[in-house]
Amino acid sequence: MRAIGVFLLLALFPLAMQAMDSMFYVSLASRILIYAIAATSLNLVLGYGGMVSFGHAAFFGAGAFVVGIMAVEGVRSAWLAWPAAVAVAALAALVIGALSLRTRGVYFIMITLAFAQMVYYIFVSLKTYGGDDGLSLPGRSTVGIGTLGNDLVWYYVVLAVLAAVLYGLHRLVHSRFGRVIAAIRENEARAEAIGFPVYRYKLACFVIAGAVGGLAGALIANQSSYVSPSLLHWIQSGTLMIMVILGGVGTLWGGVIGAAVLLGLEHLIADYRIGWLAALAPNYQDHGGLAVGIVLLAIVMLAPEGLAGLFARRRDA
Amino acid sequence: MLELRAVSKRFGGVVATDEVTLEIVRGEVHALIGPNGAGKTTLIGQISGVLATDSGRILFNGADITRLSAHARVAAGLARSYQITSIFRRYSVLENLALAVQARSGTSFRFWRPVTHERALFDEARAIGAEIGLQARLSTVAATLAHGEQRALEVGLALATRPRLVLLDEPMAGMGPQESRAIIELIQRMRSRVTVLLVEHDMDAVFRLADRITVLVSGRVIASGAPAAIRADPAVRQAYLGEELAA
Ligand SMILES: Nc1ncnc2c1ncn2[C@@H]1O[C@H](COP(=O)(O)OP(=O)(O)OP(=O)(O)O)[C@@H](O)[C@H]1O
Ligand SMILES: [Mg+2]
């Protein structure tokens, strides 16, 4: 029920912004929702599956580049480009997962990081598709006769995808498959000993997460009609991880909350000058990263289980 | 039913199991006894596929399973319990058992339908819960169970996979006399349905339950046979039973 309420508010948000003539916020909100999808997909492997993947940007970025490259080559239909982005990301996740999931713990973290950096260098070396400079798209994807160029339409498309992803995650978590994934996180050795082919389940989880990450990538390429190699960089993987940890590892809304708080905070610090803070430290906006870091530290210390946990506790009380 | 042919395992310099040859016949309760560090748990690990076997062969119902993965052996009807309790601590007793039932009833590559709608899984889990004496504790989180109850759940997880051969590694470890009796009665009840390999230090239990006994010392089988013969075996008395029976 709460979910319906949240989505109702999110659906009304752009109408309010339109009335106030602040369409910039609609664009910012769709960016946040796209990152919410990416972070939610990471939360599936990291939170529900207990696999600390430090290479999720590979799938996010690969999805973005597939849409970008196809658009440059003249294929702009969302019906073609987006499934292609999902398929390529899933395939990348299959290969990377198949090799990485042979290892555990710190090795798994390092090997996923290494593979993701390899994907990064592959795309940066594609000089015909922008290389270091990134790739500019001729415009947003098309559906049928129209394009998704209108920011209002675009926002609702992104919102619909997020709703579908969250509903899918909700179903998955409570399905047979979800139970197995959670059991593996809880006690991997015993899960194998009662007869579950643990490796196959982990790999399937990794591939699903990668595919959804690729879908988020397809959206981010459309967001500003530009694909930057930084989408693939390990810092991007780290950012997604921070969103998940901030919002709540292994919670349905964790990725959404984390993305909203982190990107909202970054925007707030960069674009608003807070009087009393400026009086204390006049140049604080030049050190936005540090300021964000301090706030994040405070949040993590006050809500060690993520912000979603804070809501849950309030409900219990 | 199960045949071990010169099965060995070493950990660095330690030879944990040393060319163990052993046959378990369908329908029997076969006890595996021996002093601490004899290699009993190692052998269970090798049979269940959790530990890779260095040399030798393991046959189950005539098929070579030496290189088969642990989960595939469960599918073939071979399950184990652990000496050191290994349960899903944050799950309730019922969820623990339902998960193990799920592992053996169809594929779990199902992503949409809520598992709680699958009545059959939970009905079977409830029946096993009653069998192991936890019918009043089904909704209790496993981590908060008493030690003896956790040990019962440990055995229950193995039984819930509907094995044809179950390997029980010291199921009564750390239990009081009353709880031990419940486990002995459980094994008595299930012996008509499932073959049992029982590792146990409690000699009362071993001699009450076992059709045959194998004695392992320093990774080697020093004797194997009927309980009366084992009890009378001078080598066994010297290596192990002397101290145990005197105690
Ligand atoms: N993972 C391991 N790594 C190194 N050595 C091991 C390992 N597991 C067992 N060992 C060694 O192998 C030998 C056999 O151990 P095992 O646990 O199989 O004995 P056990 O008969 O089950 O003893 P207990 O009655 O105490 O349970 C011991 O010397 C032990 O120290
Ligand atoms: Mg042992």
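Letters A, B, ... mirror the listed sequences (proteins, then strands); counts begin at 1.
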Chain A contacts: which residues in residues 161-171 of chain B have a non-hydrogen atom closer than 4.5 Å to it?
B:T161

Give, for atom CZ of B:F109 and atom OG of A:S175, the distance between the pair rounded to the nearest 0.5 Å.
11.0 Å

Minimum-distance pair of heavy atoms, taken over all atoms of B:S108 and A:Y201:
CB-OH, 3.1 Å

Classify the angle between the aromatic ring planes of A:Y167 and B:W112 as parallel (below 30°), tilted (30 to 60°) or perpendicular (above 60°).
perpendicular

Among the options A:H174, A:R200, A:E186, pick out the one with the most heavy-atom pairs lying under 4.5 Å from chain B.
A:E186

Using heavy-atom distances under 4.5 Å, tell me whether A:A193 contacts chain B through its side chain, its backbone, both, or neither.
both

Do any of residues 121-145 of chain B have a heavy atom less than 4.5 Å from a heavy atom of chain A, and if so, which, in residue order?
B:L121

Short N-O contact, B:E118 and A:R179, less than 4.0 angstrom
no

Check the pair B:S105, A:R176 against side chain to side chain contact (heavy atoms under 4.5 Å, CB included), reporting the backbone distance first and the verdict last.
CA-CA 11 Å; B:S105 47; A:R176 269 183 173 231; 3.7 Å; yes

Most contact-rich option vs chain A, by heavy-atom pairs under 4.5 angstrom, among B:Q102, B:R113, B:E95, is B:Q102

Leading residue by heavy atom contact count with chain A [cutoff under 4.5 Å; candidates B:R80, B:R89, B:R104]
B:R89

Restricting to non-hydrogen atoms, name the atom on B:F88 and the atom on A:I194 that form the minimum distance, rounded to 0.1 Å.
CE1-CD1, 3.9 Å

Taking every heavy-atom pair that is under 4.5 Å apart, which of B:N96, B:I87, B:T116 has the most such pairs with chain A?
B:I87

Between B:L99 and A:A183 the two heavy atoms that sit nearest each other are CD2-CB, 3.2 Å

Can you check whether anything in residues 184-195 of chain B gets within less than 4.5 Å of chain A, heavy-atom wise, and list it by number?
none

Listed by number, the residues in residues 68-79 of chain B that come under 4.5 Å of chain A (heavy atom to heavy atom) are B:S69, B:A70, B:H71, B:V74

Which of the residues A:E192, A:R190, A:H170 is involved in the greatest number of heavy-atom pairs with chain B at under 4.5 angstrom?
A:R190

